[in-house]
Amino acid sequence: MREDSTPRRRLAWAAGVVVALGAIAAVWMAIPPRLDEAKTPGFSGTAEAGLVAKGRYVAQLGDCVACHTAPGGPEMAGGRALETPFGTIYSTNITPDPQQGIGGWSYAAFDRAMRQGVAADGHRLYPAMPYPSYAKMSDDDMAALWAYLRQGVPAVAQANKPLGMHFPFNQRWGLAYWDAVFADKTPFVPNPQKDAIWNRGAYLVQGLGHCGACHTPRGIGFQELAMSDMGSKGALFLSGAQVEHWNAVELRDLWTVPDTVEMLKTGQNRFATASGSMTDVILHSTQHVSDPDLVAIATYLKSLPSATPKAALPAPVAASAAASATETPVAAYTSRGGLGYMQFCTDCHRPDGGGVKGVFPALAGNPTVAAKDPATLVHITLTGWKTASTGAHPRVYTMPAFARLSDAEIAEILSYVRASWGQGAGAVDAAAVADARKSLDPKIDKTPFETPRLAQLLDAPNAAQLVRGMRLNAETHILLPKNVGNDLNCTSCHLNAGTVADGSPYVGVSAFFPSYAPRAGKVITMEDRINGCFRRSMNGKPLPPDSDDMKAMVAYFDWMKGNTKKEDKVPGRGVGKVDPKIVPNVANGEKVYGAQCAVCHGANGEGLKDAAGRTVYPPLWGDRSFNIGAGMARTYTAAAFVKRNMPIGFHEKFPLGQGGLSDQDAVDVAEYFTHQDRPDFPDKVKDWPKDPKPKDARY
């Protein structure tokens with residue numbers, strides 16, 4: 001669906017003004033004759049409540065609030081900035097205030113503004129207001145919208161902001177030329193060869209929904225090349241376009257009707273999650289649209305033939321077939337882009353590109369991934385992303401901005417993504433990323449923790465061994481089933497392959513071994529420490545110290561050491577601290593768990609599995625979770641980890657958007673889940689032989 005930025009979603013027309021003003025002559029300065037400003041019959045008194053309610057629905061169909069409400073401002077009072085290359089336009093006050101809004105307008109003046117782009121006082125509107133699309137509105141819908149704006153919206157005496165366009169683009173008389181040449185004000189005419197559902201969908205898409213404003217390519221005057229599917233250029237309607245480094249995907253024959261309905265209603269479906277301004281469209285508009293109208297819209301879009309060959313959409317995968325349906329591409333472990341993806345992307349999008357249903361979007365089958373133009377992928381990677389908040393999915397999830405990565409790294413990762421799940425989509429060039437970076441100027445997270453890049457594993461002489469070590473950390477319970485007795489991987493705690501600050505990173509860790517371990521009461525080696533995790537956290541059996549797999553894991557840790565020396569301090573090492581004086585509130589912890597943790601770890605701590613029964617996110621209690629010997633079974637250790645790393649996707653900070661709970665909430669939820677039933681630890685009698693055990697130890 002559309003993936004532009006709402007305040008700028010109709011910028012393309014601005015360049016058309018450049019063309020127009022360059023060629024315009026004084027003959028075009030004349031404003032069209034004023035319409036009769038007399039009050040229209042039927043609006044001399046109070047409109048019926050039913051008409052006002054219908055008007056509210058029409059306003060939602062037209063997404064009026066998205067542009068006419070400034071962030072944090074009064075509804076429909078204007079003031080939202082629409083940035084253009086030629087200055088700033090501010091949306092206007094359309095509340096019924098008689099001085100600042102449209103309270104002094106007649107219905108005739110309102111109708112003219114909506115259909116012709118001419119305000120009550122005669123000045124022309126910039127086509128940022130999509131009057132060419134609204135010209136297709138029926139008289140009944142226009143009358144209902146007028147009734148709602150006059151009687152269903154509170155009057156707000158907020159002055160309109162002055163036009164911020166630079167000369168000569170602030171000269172509105174030039175817009176007469178643009179209108180005369182480019183504005184298609186043809187009313188909607190039903191197609192007699194189609195049924196009522198199709199025609200309703202066509203009316204909504206072409207008119208009130210103004211979907212073509214972003215999804216239709218533009219011409220020399222940056223006008224929409226087609227306003228409907230009819231005529232010589234009808235095949236261009238909704239065929240996709242780029243708007244300010246966003247790729248508004250082709251909507252023609254994109255998905256099945258149920259898939260499109262689900263996207264418009266919830267902001268996500270099995271192929272994609274809305275991004276850019278489409279999140280605002282869904283928030284303010286389509287989630288409120290009736291199911292029959294959503295079906296009509298989807299039916300119309302499905303009927304439009306596409307000139308772009310599309311691979312067959314995969315059917316929903318049954319559990320019995322899921323295991324072989326999605327597998328990790330081989331290139332994940334043999335290419336720089338694949339290793340970059342495994343480091344920075346798999347915690348959310350998963351190694352097989354399947355995403356997490358209802359949480360993080362799948363990449364396999366995603367039209368944004370497969371689009372010919374990778375602009376949206378580049379844009380989202382550089383600037384981040386948020387899901388739409390809907391009734392079905394009220395919680396907002398974020399993807400942090402990855403602008404800290406170099407242009408080459410981003411290009412490598414996105415090229416891998418497109419090669420793996422893009423249905424033949426081409427590679428992404430580093431120069432294109434650099435160009436987008438200059439235009440977007442994303443904020444750079446300068447947190448002082450330099451993350452090692454897994455892509456550099458391929459440069460080492462023992463690359464195969466290092467990659468094996470990395471995989472043993474990421475796929476521990478799969479690759480070492482005889483040594484892992486539950487559903488944990490090393491990276492269940494050591495996020496992003498052990499490269500996240502305050503997530504117990506592996507960075508520099510092997511430089512500190514051999515070292516004294518208070519729990520063992522003796523000096524232990526790196527191998528001892530690894531086997532301690534197998535026993536203590538994974539409820540399993542030690543790995544033979546001289547085995548190839550142990551050597552691979554140690555080699556991976558040694559590579560992570562870099563130039564770290566034993567006396568150095570590694571920023572972000574460990575999981576940080578939480579004040580142990582904080583008294584936990586278990587009742588609040590249960591509430592926090594339900595609100596923040598259950599979506600990934602299960603309402604009953606059972607974890608999350610995919611359709612094939614494979615673990616996506618690990619259980620937090622029960623037989624398949626870590627046992628009572630794990631550090632995460634201790635309240636304040638778990639709280640420190642949770643505070644900095646859970647939940648992921650909570651905000652837009654690199655690299656996982658993790659953390660966000662208060663110290664109290666972190667302690668409360670840690671107390672709640674750490675003290676649930678979990679496997680015992682037979683070796684506990686050997687713990688802390690010389691040192692006092694922590695006060696929050698489970699035994």
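Keep in mind that the numbers below use all heavy atoms, side chains included, and drop hydrogens, waters and symmetry copies.
Remark: the H477 side chain and the D487 side chain contain no N/O donor-acceptor pair separated by less than 3.5 Å. Side-chain contact annotation: S285 with Q60, donor-acceptor N/O pair under 3.5 Å absent. For the residue pair Q343/T499, the side-chain donor-acceptor check at 3.5 Å is satisfied. Between the side chains of Q242 and N247, no donor-acceptor pair of N or O atoms lies under 3.5 Å. Donor-acceptor pairing under 3.5 Å is recorded for the side chains of E250 and S306.
Cation-pi contact between R535 and F681: absent, since separation from the ring centre below 6.0 Å together with deviation from the ring axis within 45° is not met. A cation-pi contact, defined as under 6.0 Å to the ring centre and within 45° of the axis, links R350 to Y617.
Distance alone, capped at 3.5 Å, places no donor-acceptor pair between the T615 side chain and the P618 backbone. A donor-acceptor pair under 3.5 Å links the side-chain atoms of N269 to the main chain of A272, judged by distance alone. The closest donor-acceptor contact from the side chain of N496 to the backbone of G498 lies at 3.5 Å or more, if one exists at all. Not one N or O on the side chain of R395 forms a donor-acceptor pair closer than 3.5 Å with the backbone of V599. Proximity of a side-chain donor or acceptor of N473 to a complementary backbone N or O of C490 within less than 3.5 Å is not detected. T279 places no side-chain N or O within donor-acceptor distance of the main-chain N or O of S275, the cut-off being under 3.5 Å. Checking side-chain atoms of E590 against main-chain N and O of V586 turns up no donor-acceptor pair under 3.5 Å. Checked by atom type and distance alone, the side chain of H651 pairs as donor or acceptor with a backbone atom of Q658 at under 3.5 Å. Without hydrogens or angle criteria, T476 side chain to N489 main chain gives no donor-acceptor distance under 3.5 Å. Judged purely by atom type and a 3.5 angstrom limit, R418 has no side-chain atom pairing as donor or acceptor with the backbone of A427.
Aromatic rings from W621 and Y672 are positioned such that their centres are separated by under 6.0 Å. In summary, the aromatic rings of W421 and Y341 are positioned with their centroids under 6.0 Å apart.
Side-chain contact between T260 and K302: absent, with no pair of heavy atoms (C-beta onward) separated by less than 4.5 Å. H215 is not listed as a side-chain neighbour of L254, based on a closest heavy-atom distance of 4.5 Å or more. R698 is listed as a side-chain neighbour of H675, based on a closest heavy-atom distance under 4.5 Å. Side-chain contact between N539 and F626 is absent, with no heavy atoms from C-beta onward closer than 4.5 Å. By the 4.5 Å heavy-atom criterion applied to side chains, E652 and K386 are counted as neighbours.
By the side-chain contact (heavy atoms from CB on, under 4.5 Å) test, V295 pairs with V257, V261, T299, sequence neighbours left out. Qualifying ring pair (Phe, Tyr, Trp, His ring centres under 6.0 Å) partners for Y506, counting only residues two or more places apart in sequence or in other chains: H494, F557.
Here the straight-line distance linking atom CG of D352 with atom OG1 of T328 works out to 6.0 Å at 0.5 Å rounding. Rounding to the nearest 0.5 angstrom, the gap separating the OH atom in Y416 from the OG atom in S335 is 6.5 Å.
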* To do: Check step by step if ring pair (Phe, Tyr, Trp, His ring centres under 6.0 Å) holds for F673 and Y593.
  => CA-CA 8 Å; F673 75 76; Y593 183 87; 7.1 Å; no

* Asked: Given the rule in the side chain to side chain contact (heavy atoms under 4.5 Å, CB included) test, do L543 and D549 qualify, once you have shown the distances and angles that lead to the verdict?
  -> CA-CA 8 Å; L543 196 62; D549 282 338; 4.0 Å; yes

* side chain to side chain contact (heavy atoms under 4.5 Å, CB included) between C348 and V356, worked out -> CA-CA 7 Å; C348 297; V356 181; over 6 Å; no

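Salt-bridge annotation for D610 and K357: absent, with no side-chain N of the basic residue lying under 4.0 Å from a carboxylate O of the acidic one. Residues D548 and R468 are not paired through a salt bridge, judged by the lack of any N-O separation under 4.0 Å between the basic side chain and the carboxylate. With respect to D502 and K643, no salt bridge is recorded, no charged nitrogen being found less than 4.0 Å from a carboxylate O.
Taking each heavy atom of S389 and Q287 in turn, the nearest pair found is O-NE2, 3.4 Å.
Within 6.0 Å of NZ on K653 lie no more than 12 heavy atoms contributed by other residues, nucleotides or ligands. More than 12 heavy atoms of other residues, nucleotides or ligands lie within 6.0 Å of CG in D680, so this atom counts as buried by the packing criterion. Taking a 6.0 Å sphere around CD1 of I197, one finds it holds 12 or fewer heavy atoms contributed by other residues, nucleotides or ligands. For CZ of R529, the number of neighbouring non-hydrogen atoms (other residues, nucleotides, ligands) closer than 6.0 Å is 12 at most.
Of the candidates R453, R404, R336, R453 is the only one forming a side-chain hydrogen bond (donor to acceptor under 3.5 Å, both in side chains) with E409.
Here ring pair (Phe, Tyr, Trp, His ring centres under 6.0 Å) pairs that include residues 272-308, with residues two or more places apart or in two chains, are W198-Y300.
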